[in-house]
2 protein chains.
Amino acid sequence: MDPHAPEDRPATRMPTMRDVAQRAGVSRQLVSLVLRGGPGPSLESRNRVLAAAAELGFRPNASARLLRQSRTRLIGMMFTALNSFEVRVAERLLERAADIGFGVALGPITDRRTTEIVIRELLEQRVEALACFNPDPGSPALRQALGLMPVVWLGERSAEPRADVVRTDDDAGLAILVDHLVALGHRDIAFAGGLGGTVGPDRAATYRAAMTSRGLADRIDQVLVGFGEEDGATAARVLMARVRLPTAVIGCSDHCGAGLVATFARAGISVPGTVSVTGYDDSDIATLSYNDLTAIRQDVDLTVDATLDGIQRRLSNPASSPREVATQATLSIRSSTARARTNA
Amino acid sequence: MDPHAPEDRPATRMPTMRDVAQRAGVSRQLVSLVLRGGPGPSLESRNRVLAAAAELGFRPNASARLLRQSRTRLIGMMFTALNSFEVRVAERLLERAADIGFGVALGPITDRRTTEIVIRELLEQRVEALACFNPDPGSPALRQALGLMPVVWLGERSAEPRADVVRTDDDAGLAILVDHLVALGHRDIAFAGGLGGTVGPDRAATYRAAMTSRGLADRIDQVLVGFGEEDGATAARVLMARVRLPTAVIGCSDHCGAGLVATFARAGISVPGTVSVTGYDDSDIATLSYNDLTAIRQDVDLTVDATLDGIQRRLSNPASSPREVATQATLSIRSSTARARTNA
DNA sequence: CCTAGGGCTTAGCACGTGCCAATCGATTGT
DNA sequence: ACAATCGATTGGCACGTGCTAAGCCCTAGG
């Protein structure tokens, strides 16, 4: 037996263009030409090459191709695997990028994989652009990337002048949400949220602004929690502990809204009979029949479109100055909101 | 001093080893040697090279490295981005693989990205092994992969003799779950599930077997639904439409269990007062305070360990025959289960 | 002064593919 | 019949890195 590691000899080797060429009885270059769909090869050659490739199960070596071409046509995507909105954007970006001939290198953030590590990996893959959800602004790799390629900052405001920013227009979103509730007769409209990154405080401030501009400044009622289900549950308990419930509660996310609804339900408080509840994101969780949350829709398609547009614009014209895009928020009205109870 | 002033160069291109070598005043090969940490370079050279690399922000080109080396040390991971258990396994695999010097190429399944497309992409990246959640057995690319490299089939049973299989031991899991409920005095134990892939029918069959072996064959009560929240909600409505509710309902997944709980709650049916409900997976959704589901834990770490073990074993010995590993399921008892109501 | 030897460094090939330029073979125009 | 043309095919270099073998310089020994 060979005492040396048998690992460096794979059981079977993946076929290369050379193997295909040999089997088809043509040159390696012709194989390349045929597989790229270029003009020139005769029908006869084309068929023989395609047949040989199919029989051998040839798959082009992505590393070799990327190395040879000056362009990798890869977009790096950094996101949190736990956040459903981010995952949906990543999925959609994968599909839409393929339509314009781009691949996507996924870089999920975890406890052990920081912004720095993820972006470093993506740079080593020679991505041509980056899309990052809420990155750590202090990461050296990110700073380097900002000077090298288009970077799209997703999700929250940023003071970074070299990055495109794509975020949902929270101002308009919360405004139409408050208007919707006011139209239903609500005045005691509480807000559950305010914690978390830049977005949390932003949304809370926007809530206060929307209330104030509608003459409801004295009804502002904010329960400081974060974005998760458990945060919503906490907020619900805080509100239930009071003498009087508000007639409506705006959850800072769908998860938060679901936590509010579930906790109210288990306490026997009817939604929307006693309290109207809203979410924010319009994700799958909002559409579940037992939540059925009225929610601000953060449009995945609009976000992905704006991201790709920004990347393409700055790839074709590197001198183009970065932009901030606030995608329009729309309102999905469902059964978790209804007319305010009269005897508040 | 250096006649060039490369600090403010336009930085349009990522630096290569050649650039680093030029800046450090050494050859490209020496740069390679230093960055690989190989023996030979003097301390002086080492420092100069490292300094130059840092100043230029050098990142090795992953494509070039992978192309040159016979081994890519990459594991391909196919999963559904919507399924939290699968995402958690993928995340954990990413971290654990890094510990043993392997990278992970992520291949998320979506509506437009089938098993075939995803595995083809992974093969083009020259992954050395595949881990696939519930793949389509008919995919040609998958069949090719099975003959070329270690493939770990995750999540469900498989008739494929060339693949390792890693799945949770549903038999034992449902057995201890039924035992738990029986110990609480339940006899009318319904099951919501049975649809979806191989796992769905499997779990349903296991439920029936567990009930039968405990002398409860006449109490078997299965509501045929799938794994999602909405499926749980549907099952709850079906059960509520009956004359008499069971005293316990086993949801085939945490999502299903959450749908059951929420729908019961909104209908004013107390959980666990009137009906005990369980989940399956012990994911984040089970731990939410308003669900607090008793659930079978599918252990992420055990799954990832078994996957990596199988891959390493078959990489070091390709002749090694595939194995099936059923990771042990454990029970997380929470407040969604309690003693059966007496006046059923 | 010459040679042997050891510590550092570099020359050169290879990986698989894309693409430009060159070559081949056959047909057409005069 | 000969050159020109054109379609089909191939030669050859390049991408950035890893690795083996060869080269350089300097000191010690004769």
Side-chain angles (χ1 to χ4, degrees), chain A residues 4-5 8-10 13-50 52-53 56-74 101 103 123-128, chain B residues 12-50 52-53 56-74 101 103 123-128:
Chain A
H4 297 293
D8 47 18
R9 303 206 69 181
R13 179 177 64 86
M14 286 285 281
T16 70
M17 282 194 181
R18 201 183 310 276
D19 302 316
V20 176
Q22 192 168 1
R23 186 177 182 96
V26 298
S27 71
R28 208 256 320 149
Q29 294 80 356
L30 187 61
V31 174
S32 171
L33 203 55
V34 169
L35 294 182
R36 270 179 292 143
S42 65
L43 192 61
E44 150 103 24
S45 301
R46 190 175 297 270
N47 288 338
R48 290 179 62 187
V49 167
L50 291 179
L56 291 177
F58 171 78
R59 315 275 179 203
N61 184 319
S63 291
R65 170 181 293 167
L66 296 186
L67 175 61
R68 178 59 184 85
Q69 294 172 326
S70 52
R71 307 193 56 180
T72 59
R73 300 192 75 84
L74 271 180
L123 288 179
E124 292 184 0
Q125 292 185 52
R126 295 296 186 266
V127 297
E128 293 184 20
Chain B
T12 169
R13 176 177 65 90
M14 286 286 282
T16 70
M17 282 191 180
R18 201 185 309 275
D19 301 318
V20 176
Q22 191 168 2
R23 186 179 180 97
V26 297
S27 71
R28 198 220 17 109
Q29 294 80 357
L30 187 60
V31 174
S32 171
L33 203 56
V34 169
L35 295 182
R36 271 178 292 145
S42 63
L43 192 61
E44 150 103 24
S45 301
R46 190 174 297 270
N47 289 338
R48 290 181 63 188
V49 167
L50 291 178
L56 291 177
F58 171 78
R59 314 275 178 203
N61 184 319
S63 291
R65 170 180 293 168
L66 296 186
L67 175 61
R68 179 60 183 84
Q69 293 173 328
S70 50
R71 307 196 54 180
T72 58
R73 300 192 76 85
L74 271 180
L123 287 180
E124 292 183 359
Q125 292 186 50
R126 295 296 186 268
V127 296
E128 293 184 19

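Just so it is clear, the model here is predicted, and its values are computed rather than measured. Per chain, numbering begins at 1; letters A, B, ... match sequence-line order.
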Discussion item. Run A:R28 and A:S32 through side-chain hydrogen bond (donor to acceptor under 3.5 Å, both in side chains) and show every step you take.
Written reply: CA-CA 6 Å; A:R28 208 256 320 149; A:S32 171; 4.8 Å; no
Applying salt bridge (Lys or Arg N to Asp or Glu O under 4.0 Å) to A:R71 and A:E128, what does each step give before you reach the verdict?
CA-CA 8 Å; A:R71 307 193 56 180; A:E128 293 184 20; 3.0 Å; yes
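Residue A:S42 places at least one side-chain N or O closer than 4.0 Å to OP1 or OP2 of D:dT9. Taking 4.0 angstrom as the limit, A:S45 places a side-chain polar atom (N or O) nearer than this to OP1 or OP2 of D:dT9.
Within a 6.0 Å sphere centred on CD of A:Q22, heavy atoms belonging to other residues, nucleotides or ligands number 12 at most.
With a 4.5 Å cut-off on side-chain heavy atoms, B:M17 and B:L35 count as touching. Side-chain atoms of B:R126 and B:L66, non-hydrogen and from C-beta on, never get closer than 4.5 Å to each other.
Looking at the side chain of B:L30, the nearest of the listed nucleotides C:dC8, C:dT10, D:dT9 is C:dT10.
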Counting primed atoms, P, OP1 and OP2 as sugar-phosphate and everything else as base, the B/S/- map of nucleotides 13-19 of chain C against protein heavy atoms under 4.0 Å is -BBBBBB
